[in-house]
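Comments concern the structure below.
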2 protein chains.
Amino acid sequence: MEKSKSSRNQEQVIYDRLFDVILEQKLQPGARLTEEPLAEIFGVSRTIIRRVLLRLSHEGVVEIKPNVGASVVMTSPEEVAQFFEARKVVEGALASMITGKLTPYQVEMLYSMVREESRLFEMGNRAKGLRKSTEFHFYLVEAAGNQPLAEMAKKLIARTSLIVSQYNLSGSGGCACNDHSALVEVIVNGQPDEAESLMREHIDHIQHGLFLKDKSVETDLYALLKPE
Amino acid sequence: MEKSKSSRNQEQVIYDRLFDVILEQKLQPGARLTEEPLAEIFGVSRTIIRRVLLRLSHEGVVEIKPNVGASVVMTSPEEVAQFFEARKVVEGALASMITGKLTPYQVEMLYSMVREESRLFEMGNRAKGLRKSTEFHFYLVEAAGNQPLAEMAKKLIARTSLIVSQYNLSGSGGCACNDHSALVEVIVNGQPDEAESLMREHIDHIQHGLFLKDKSVETDLYALLKPE
DNA sequence: TCAACCCAGATTGTATACAATATAAAAAAC
DNA sequence: GTTTTTTATATTGTATACAATCTGGGTTGA
């Protein structure tokens, strides 16, 4: 039964690994994910890799083009606005729901995550810092105990994290991470609608720190070469 | 290329067919979906059926237990509250977003769907009526033009529709369908927060029309046979 | 020189064979 | 007669073989 457990988790392990690598920006949006090499790397058949890629595509992290294959999903500028708006709706509501209702343990957990995040950024470890920032939001949206809302929020957070990695020049950016401690503060001591507003503002900050220049080759070429 | 198109759509066709059958309550929650018969029915190999079932499971319509198989998802009473809460958040926000912003065509479309729905219920065709009711909500959440929010809302609507079919005794229930015309009314002529409130109330109506008795066999037996 | 075309290699799509596992019924033991 | 064990059947899980399709490079023709 040890065997069955480990073979069952195998797929989960591969999924987690890929998800991690993508979210840490080791694989940038647009990067191809060909099945055979992945199968080789993880020592399984393409069947398993296919399942994982399918799951990642349903999760919105990977895009599968028929007969072409999987790649890390790219987001167009118009979609970007929609994803951030969606985040405001869901995470705003969740922030409001948990205001004044967190256990001392949860509060301490959040503060410790904020400290860890600051530390990483100060050390200049931007990749890990961004990852911690994502985990902060993950923890927050799970705190309400509403699984469907938490799942949706996590999908949106992951996607916007990819968006940041697509549009932010690698050096710059970084989350305004003192925002996070202010957020915890108001969620612990403030009123629900205050928390909702602050969360929406915070997401706004992230959004407006982006350089929304379309990098897609087609569009650039079209804009450059158009007769008139 | 006609060929490739049709074979590519094949999977989509199977998915749609299963989704429809489940949402029209021809397959009740808990019903098993074994791969081989499905493959037989649709004239494809298990590979395709597996992909469809995997997708339905990611969509939250089907549950896949390892080494056991797929079945229409069942929802526990605790989860029910979470799904309805999630619907209130997402659909409430969407109702607010579209208030006063629909095109005349969209408004006419919504009214015509409400009329069709009423007609079906009056004819006593409950199954089709419920389906139309679902489509009304689908159309509404797409009207805002925010794809991520619309997708999430549609998933939640589908799931709550399943919940209704799991918990409502087959004869009773039915959506309070004059609610729908009032909703359109306020979305067209009212204020955003009025629309949001009314949408939340409407979802509340659906929720509180349920009989939240746990039908699961184990629980019943345990409660019945326990010594003291 | 440029365009269209075609071919080879690589990659994905599907079916199928076989292994692993669960379920339920029959047999054995108490 | 009841419980446990065993066994048979059905079902899912995985790997692999082969077919369909795409991609890019080279060739041909104007």
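None of the values given here were measured: they were computed from a predicted structure. Protein chains get the first letters and strands the later ones, always in sequence-line order, with residue 1 at the start of each.
Not a single side chain to side chain donor-acceptor pair (under 3.5 Å) links B:Ser71 to another residue, sequence neighbours left out. Among residues two or more places apart in sequence or in another chain, the side chain to side chain donor-acceptor pair (under 3.5 Å) test is passed with B:Thr134 by none. In this structure, B:Glu85 has no side chain to side chain donor-acceptor pair (under 3.5 Å) partners at least two apart in sequence or on a different chain. Checked against side chain to side chain donor-acceptor pair (under 3.5 Å), A:Arg17 has no partners two or more places apart in sequence or in another chain.
Residue pairs meeting the salt bridge (charged side-chain N to carboxylate O under 4.0 Å, His left out) criterion with at least one member in residues 145-155 of chain A, sequence neighbours excluded, are A:Glu142-A:Lys154. The salt bridge (charged side-chain N to carboxylate O under 4.0 Å, His left out) pairs that include a residue from residues 32-47 of chain B are B:Glu35-B:Arg46, B:Glu35-B:Arg50, where partners are two or more places apart or lie in different chains. Here ring pair (Phe, Tyr, Trp, His ring centres under 6.0 Å) pairs that include residues 28-61 of chain A, with residues two or more places apart or in two chains, are A:His58-B:His58.
For the atom pair B:Gln25 CD and B:Leu130 CG, the distance stands at 5.5 Å (nearest 0.5 Å).
Scanning DNA chain D for stems, defined as runs of 3 or more consecutive Watson-Crick or G-U wobble pairs whose donor-acceptor distances all fall under 3.5 Å, gives the following ranges: C:1-30 with D:1-30.
The side chain of A:Thr34 sits closest to C:dT11 out of C:dT21, C:dT11, D:dC22.
With rounding to whole Å, A:Ile49 atom CD1 is found 15 Å from C:dT11 atom P. Distance, A:Arg51 CZ to D:dT12 C1': 10 Å, rounded to whole Å. One atom, CD of A:Glu63, and another, P of C:dT12, lie 14 Å apart when rounded to the nearest Å. In this structure, B:Phe42 atom CZ and C:dT14 atom C1' are separated by 17 Å, rounded to whole Å. Atom C1' of nucleotide C:dT12 and atom CZ of A:Arg32 are separated by 9 Å, given to the nearest angstrom. When the C1' atom of C:dA22 is taken as reference, atom CD of B:Glu35 falls 14 Å away, rounded to whole Å. Per the geometry, NZ belonging to B:Lys65 stands 21 Å off P belonging to D:dA10, to the nearest Å. With rounding to whole Å, B:Glu36 atom CD is found 21 Å from C:dT21 atom P.
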Distances under 3.5 Å between nitrogen or oxygen atoms of protein and nucleotides 15-19 of chain C:
unit_1	atom_1	unit_2	atom_2	d
C:dA15	OP2	B:Ser45	N	3.1
C:dA15	OP2	B:Ser45	OG	2.6
C:dA15	N7	B:Thr47	OG1	2.7

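Here the shortest heavy-atom pairing between B:Ala158 and B:Phe19 reads CB-CZ, 3.9 Å.
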